[in-house]
Number of protein chains: 2
Amino acid sequence: MPIKIVLFEDNDRLRESLAYLLKMNGYDVVGDYNQCTDAANIARVYEPDVVLMDIDMPGDNGIKGVQWIKESRPQTSVIMYTVFEDDEKLFECLCAGANGYLLKKTPPARLFDAIQEVLEGGAPMSPVIARKVLNTFQVKATSNKYNLSPREIEVLQWLIKGYSIKIIAAEMKLAFDTVRSHLKNIYQKLHVNCGKEAIAKALSERIV
Amino acid sequence: MPIKIVLFEDNDRLRESLAYLLKMNGYDVVGDYNQCTDAANIARVYEPDVVLMDIDMPGDNGIKGVQWIKESRPQTSVIMYTVFEDDEKLFECLCAGANGYLLKKTPPARLFDAIQEVLEGGAPMSPVIARKVLNTFQVKATSNKYNLSPREIEVLQWLIKGYSIKIIAAEMKLAFDTVRSHLKNIYQKLHVNCGKEAIAKALSERIV
DNA sequence: AAGGGTATCGCTCATTAGGGGGAGTTTGTT
DNA sequence: AACAAACTCCCCCTAATGAGCGATACCCTT
């Protein structure tokens with residue numbers, strides 16, 4: 001059976017062109033809309049396999065669209081299709097549940113590949129987008145802005161696992177008070193007052 | 001000028017086949033090694049545009065290889081080329097600075113595309129890898145696997161900010177012991193024994 | 001009406017953690 | 001040689017926390 005696709009795109013000519021292209025290539029475009037206010041219902045009723053979602057639309061934007069579709073019918077794959085490549089919109093879409101992110105400059109051939117890819121459990125992204133996503137993992141470069149000594153980093157790593165001072169001392173074969181000393185210095189360097197804050201800061205800023 | 005490539009792969013036949021294939025397709029394979037202990041120097045000396053890096057190698061593994069190359073010559077693009085698709089190795093590689101991640105089942109044609117893509121500032125990933133990466137942004141969906149009640153989630157959110165019980169009670173306009181009650185229940189549901197563990201678990205699993 | 005889950009609050013007790021101090025050793029730098 | 005920084009260990013004291021018992025009240029489902 002053909003793959004069912006729904007389009008959300010407020011530019012009428014682009015949307016109709018896309019629908020035409022997709023139909024010509026054997027896809028079943030079961031709906032195309034210029035705004036996504038009713039996206040949740042549309043997903044429930046038409047049960048599309050794939051949704052192509054623009055971001056900038058009158059009324060509710062595509063980010064809300066993804067959210068609603070993912071809430072009402074998670075098995076539908078949503079591919080963002082937009083001109084925006086700024087970090088903010090990108091990561092909002094990803095958190096909202098987007099399964100792919102293509103820029104509008106993507107050639108139609110790649111668009112068909114992307115639909116295939118997302119159906120096979122992939123996550124099609126334009127190259128510049130994929131790079132941005134990968135870069136979020138590499139922020140460790142900023143790790144040493146607090147000038148933690150090697151030993152302090154080691155202690156912090158144990159702390160982050162939720163271990164108590166006593167356990168850390170045992171693991172590192174140190175005296176209880178030595179670990180406490182390190183912790184005091186860590187707290188000073190991180191500008192925090194307790195282990196909980198230190199863990200929170202270390203994990204959210206990916207210090208270790 | 002031709003694109004300079006270095007290979008790190010301990011399987012001799014695979015490595016030689018890859019080198020052959022790449023050379024046949026116009027790439028300049030300036031080096032191929034069965035271990036990556038000297039990767040930093042190799043990167044500095046041969047100044048490759050792209051490195052294909054295996055993970056499982058005798059001596060130091062490819063994760064260290066990426067780290068060293070990225071430290072000694074960041075402008076070299078490193079694509080992991082491995083059979084591993086477990087989360088742990090994947091994200092270690094990404095944090096180490098990998099610019100792409102291809103599984104060894106990738107057909108050669110896609111390999112060439114990937115090299116092109118990474119040179120153009122992209123981040124080639126096998127579909128299943130890309131999906132894993134995107135999923136890290138969406139784990140909010142799995143948030144409720146511990147059945148935390150709304151109030152408990154609220155308390156946990158304050159806890160994650162590093163606040164003490166006293167402060168949390170004040171912020172939520174609750175009695176000290178009420179907050180402690182919620183915390184006890186949270187610890188039970190998360191299977192942890194103290195606040196530090198709870199914070200660690202909540203942040204690393206993005207429960208809130 | 002009864003039971004389960006949630007939310008609220010209370011108490012005690014032992015353990016843990018944090019703040020304040022000091023002090024010795026090694027290592028590397030000036 | 002002098003100095004700083006890191007690493008190690010010790011003491012005292014107070015505050016915070018976790019475990020173990022409660023309790024009451026509300027809402028919802030059965």
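In this text the structure is predicted, and so the values were computed from the model without any measurement. Quick note on labels: first sequence line is chain A, next is B, and so on, each numbered from 1.
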Tell me which residues in residues 162-182 of chain A put a heavy atom below 4.0 Å from DNA chain C, sorted by number, or none.
Ser164(A), Ile165(A), Lys166(A), Arg180(A)
Show every salt bridge (charged side-chain N to carboxylate O under 4.0 Å, His left out) that has at least one partner inside residues 11-22 of chain B, sequence neighbours left out.
Asp12(B)-Arg15(B), Arg15(B)-Asp32(B)
Are side-chain N/O atoms of Tyr146(A) and Glu152(A) paired as donor and acceptor at under 3.5 Å?
no
Minimum side-chain heavy-atom gap Met53(B)-Ile69(B) below 4.5 Å
yes
Taking only Lys NZ, Arg NE, NH1 and NH2, and the carboxylate oxygens of Asp or Glu, determine whether Glu92(A) and Lys89(A) approach each other closer than 4.0 Å.
no
Contact check, side chains of Asp54(B) and Leu14(B), non-hydrogen atoms, under 4.5 Å:
no
Counted 5' to 3', the first and last nucleotides of DNA chain D within 4.0 Å (strictly under) of a heavy-atom of chain B are dA16(D) to dC21(D)
Within a radius of less than 6.0 Å around NZ of Lys64(B), do more than 12 heavy atoms belonging to other residues, nucleotides or ligands occur?
no
Any donor-acceptor N/O pair, Ser77(B) side chain to Leu119(B) backbone, under 3.5 Å
no
Residue list, ring pair (Phe, Tyr, Trp, His ring centres under 6.0 Å) with Phe176(A), at least two apart or on another chain:
none
May I have the list of side-chain donor-acceptor pairs in residues 35-46 of chain B shorter than 3.5 Å, sequence neighbours left out?
from: Gln35(B); atom 1: OE1; to: Thr37(B); atom 2: N; distance (Å): 3.2
from: Gln35(B); atom 1: OE1; to: Thr37(B); atom 2: OG1; distance (Å): 2.5
from: Thr37(B); atom 1: OG1; to: Asp60(B); atom 2: OD2; distance (Å): 3.1
from: Asp38(B); atom 1: OD1; to: Asn41(B); atom 2: ND2; distance (Å): 3.0
from: Asn41(B); atom 1: OD1; to: Arg44(B); atom 2: NH2; distance (Å): 2.8

For the CD atom on Glu88(B), are there more than 12 heavy atoms of other groups (residues, nucleotides or ligands in this structure) within a distance under 6.0 Å?
no
Pairing residues for Glu117(A) by the side chain to side chain donor-acceptor pair (under 3.5 Å) criterion, not counting sequence neighbours:
Arg110(A)
Per-helix bend value, the helix from dA1(C)-dT30(D) to dT30(C)-dA1(D), C1' rotation axes over five pairs per end, 10° rounding, shows 50°
Carboxylate-amine/guanidinium contact Glu9(B) Lys104(B), below 4.0 Å:
yes
First and last nucleotide of DNA chain C in contact with chain B, 5' to 3', at under 4.0 Å to a heavy atom: what are they?
dT6(C) to dA17(C)
Could you work out, with ring pair (Phe, Tyr, Trp, His ring centres under 6.0 Å) as the rule, every residue matching Tyr163(A), not counting sequence neighbours?
Trp158(A)
Kindly state each residue pair satisfying ring-ring contact (aromatic ring centres under 6.0 Å, His included) with at least one member in residues 65-89 of chain A, sequence neighbours excluded.
none
Those residues of residues 183-196 of chain A lying under 4.0 Å from DNA chain C by at least one heavy atom
Lys184(A), Tyr187(A), Asn193(A), Cys194(A), Gly195(A)
Can you list everything that forms a side chain to side chain donor-acceptor pair (under 3.5 Å) with Lys132(B)? Sequence neighbours excluded, please.
Asp87(B)
